[in-house]
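I have placed the structure first, in the form of structure tokens, so that the comments after it can refer back to it.
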Amino acid sequence: MFSNPRGTKDILPDEIGYWHRIEKVAHQVFSAYNYQELRTPIFESTQLFERSIGNQTDIVEKEMYTFLDKGNRSLTLRPEGTAPVVRSYIQNGLHKQQQVSKLYYCGPMFRYERPQAGRYRQFHQIGVECLGSALPFADAETIALGVHLFDELGLSDLSVNINSVGCSVCRPVIEERLKQYLSSNLSALCEDCNARFESRPLRILDCKKPQCQPYFSAIPNIRDSLCQACNDHFSSLLEYLAELGIEFNINPRLVRGLDYYSRTTFEIISDKLGAQNAICGGGRYDTLVEKLGGPATPAVGFAFGVERAVIILRELEDALQTKAPNLFIAPLGENQRTKSFYILNELRRAGIQCEMDYTSGSLKAQLKQANRYRSEYTLIFGEEEAQREVAILKKMINGDQVEVPLDQLVDYLVKTINQQ
Ligand code: HAM
């Protein structure tokens with residue numbers, strides 16, 4: 001007996017309806033915002049992720065599925081979608097086609113994390129990347145798009161948390177002030193915080209360990225250290241969001257775990273998700289395109305976890321039933337079975353979702369099967385019906401039966417089933 005690898009999961013038919021719905025709504029909403037889909041490979045060169053996400057991040061240090069292929073190349077199963085999109089954007093010269101490129105993606109990502117509810121080693125993200133605009137309108141539009149998408153899915157009680165982490169001008173000031181504030185209590189902070197103190201002090205703000213929390217209560221507000229341009233950008237963004245009626249909380253500790261962010265960072269969180277409460281994370285990354293060899297191109301985007309969206313949807317609703325067939329064909333006798341097989345094919349081509357018995361069961365057993373499929377109608381086709389060139393159509397909910405001539409069957413069923 002084999003079982004799936006730790007941290008992965010099978011998406012079974014009783015859950016797949018949620019996935020289809022999320023994907024369908026995402027395609028619709030993204031298209032309203034003029035986004036186009038881009039599909040990139042599942043694995044990329046390891047260096048792409050090291051250079052973009054950052055060598056000292058948890059993702060690159062501990063969580064990547066990295067391997068050497070038979071040609072001795074170091075490859076990595078993509079842990080996220082932004083770096084591959086930027087790689088493709090540069091490589092395919094998309095920046096030359098339009099001043100602003102709006103791209104979205106859906107697919108599996110891989111991180112070697114400790115599995116728990118809502119955290120997997122293979123998980124799925126749906127994400128958007130808007131490349132080419134430095135204006136805070138682009139940030140506001142991106143956040144509005146996420147909120148719109150979740151509204152459309154009926155996900156309620158979500159909150160938008162937002163922050164600015166500054167740019168290359170003000171980040172050193174922000175970090176220095178934070179270090180000054182924390183330096184006197186460094187020995188009381190956890191090992192991770194100490195390790196981050198010199199090289200990536202902002203990430204200390206992300207620490208969730210209870211022992212460190214008391215020392216964060218009065219941290220200097222990042223906003224007070226932003227340069228004028230970052231402050232103006234942030235103020236405009238907040239103004240646009242308020243005007244769009246989007247509620248948000250400013251969370252000065254929202255720094256995110258990937259190195260490429262500048263200015264805006266945001267997360268959309270749900271209290272239905274337990275410890276892994278972020279359904280969606282994103283922000284601005286104005287230097288990444290250039291860092292990966294492209295022209296200087298400001299950009300902003302987000303990604304949300306499909307598994308986490310499914311967890312919330314499942315909690316909100318009863319199980320989504322997979323679509324039942326409209327019709328089940330129950331033939332009796334070998335000749336009728338063969339004829340039914342051809343009728344089945346004709347009906348499917350006419351757009352009717354139908355199924356037939358492939359087990360040579362009795363009528364009783366076949367009706368039981370039809371009920372198990374939750375089929376609306378059963379078409380009974382025995383020897384006597386064959387001789388008279390008719391079939392009996394039985395409505396399963398009330399047992400009503402009508403005889404339908406075989407040569408009118410397709411038209412009759414298309415009409416009957418479409419009328420509902
Ligand atoms: P991220 O915050 O690392 O950002 O991931 C985005 C979302 O993916 C999370 O909010 C969560 O819902 C989901 N997620 C992440 N890790 C897991 C996991 N192990 N299991 C299940 N779900 C998970 C990014 O990946 C950035 N690339 C987002 C972005 C796009 N920023 C700008 N553009």
Side-chain angles (χ1 to χ4, degrees), residues 53-63 111 113-114 116-119 139 143 157-227 230-231 233-235 237-238 241 247-285 302 308:
I53 299 171
N55 266 324
Q56 288 171 6
T57 57
D58 284 352
I59 296 181
V60 171
E61 269 185 345
K62 307 181 207 160
E63 298 171 2
R111 294 184 194 174
E113 293 194 84
R114 197 168 52 79
Q116 53 175 265
R119 189 158 76 187
D139 311 46
I143 295 171
D157 298 332
L158 300 180
S159 7
V160 178
N161 281 342
I162 188 165
N163 191 24
S164 173
V165 291
C167 64
S168 53
V169 175
C170 50
R171 180 82 54 83
V173 181
I174 297 169
E175 289 179 338
E176 202 38 55
R177 285 201 187 151
L178 185 63
K179 279 169 74 176
Q180 262 173 24
Y181 171 79
L182 292 172
S183 56
S184 51
N185 291 313
L186 205 51
S187 55
L189 296 179
C190 72
E191 216 178 290
D192 284 346
C193 286
N194 272 279
R196 286 166 171 169
F197 185 78
E198 280 308 330
S199 54
R200 311 171 64 241
L202 261 195
R203 289 285 297 150
I204 292 182
L205 297 179
D206 218 15
C207 177
K208 306 275 185 315
K209 297 217 176 74
Q211 73 183 81
C212 302
Q213 302 313 305
Y215 304 101
F216 298 150
S217 56
I219 48 154
N221 193 336
I222 293 186
R223 209 165 168 191
D224 299 335
S225 315
L226 292 178
C227 63
C230 285
N231 205 11
H233 185 98
F234 196 47
S235 304
L237 169 60
L238 301 184
L241 290 177
E247 285 177 30
F248 55 82
N249 310 309
I250 300 174
N251 175 358
R253 283 182 54 188
L254 181 63
V255 289
R256 312 231 339 106
L258 304 100
D259 275 356
Y260 48 62
Y261 291 112
S262 50
R263 294 194 168 163
T264 313
T265 52
F266 66 94
E267 275 181 1
I268 301 181
I269 59 171
S270 161
D271 53 16
K272 296 197 170 61
L273 285 172
Q276 303 305 316
N277 67 354
I279 180 168
C280 173
R284 183 164 271 290
Y285 48 97
F302 71 72
R308 294 187 189 178

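The figures here come from the full heavy-atom set of this structure, side chains too, leaving out hydrogens, waters and symmetry mates.
Arg177 contributes no side-chain N or O that, together with a main-chain N or O of Pro220, makes up a donor-acceptor pair within less than 3.5 Å. The closest donor-acceptor contact from the side chain of Asn194 to the backbone of Cys190 lies under 3.5 Å. Within the 3.5 Å criterion, the main-chain N or O of Glu176 finds no donor-acceptor partner in the side chain of Tyr181. In this structure, the side chain of Asn277 does not engage the main chain of Ile269 through any donor-acceptor pair within 3.5 Å.
Classification of Asp192 and Lys209 as a salt-bridged pair holds, one side-chain N sitting under 4.0 Å from a carboxylate O. Salt-bridge formation is not detected for the pair Glu113/Lys62: no Lys NZ or Arg NE/NH1/NH2 atom is positioned less than 4.0 Å from an Asp or Glu carboxylate oxygen. In summary, Glu198 and Lys179 engage in a salt bridge, as defined by a charged side-chain N under 4.0 Å from a carboxylate O. Arg263 has no carboxylate O lying under 4.0 Å from a charged side-chain N of Asp139, or vice versa, which leaves the two without a salt bridge.
In this structure, a donor-acceptor pair under 3.5 Å is absent between the side chains of Thr265 and Arg256. Checking Asn161 against Asn249 by side-chain atom types alone, a donor-acceptor pair falls below 3.5 Å. A donor and an acceptor atom, one from each side chain of Gln56 and Glu61, are nowhere located under 3.5 Å apart.
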- Give the intermediate values and the outcome of salt bridge (Lys or Arg N to Asp or Glu O under 4.0 Å) for residues Asp206 and Arg253. CA-CA 7 Å; Asp206 218 15; Arg253 283 182 54 188; over 6 Å; no
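The ring pair (Phe, Tyr, Trp, His ring centres under 6.0 Å) search around Phe302 returns none, not counting sequence neighbours. Scored by the ring pair (Phe, Tyr, Trp, His ring centres under 6.0 Å) test, Tyr285 finds Tyr260 as partners (sequence neighbours excluded).
In Glu191, the CD atom is not crowded: 12 or fewer heavy atoms of neighbouring residues, nucleotides or ligands sit closer than 6.0 Å.
Between Ile162 and Leu238 the shortest side-chain heavy-atom distance falls below 4.5 Å.
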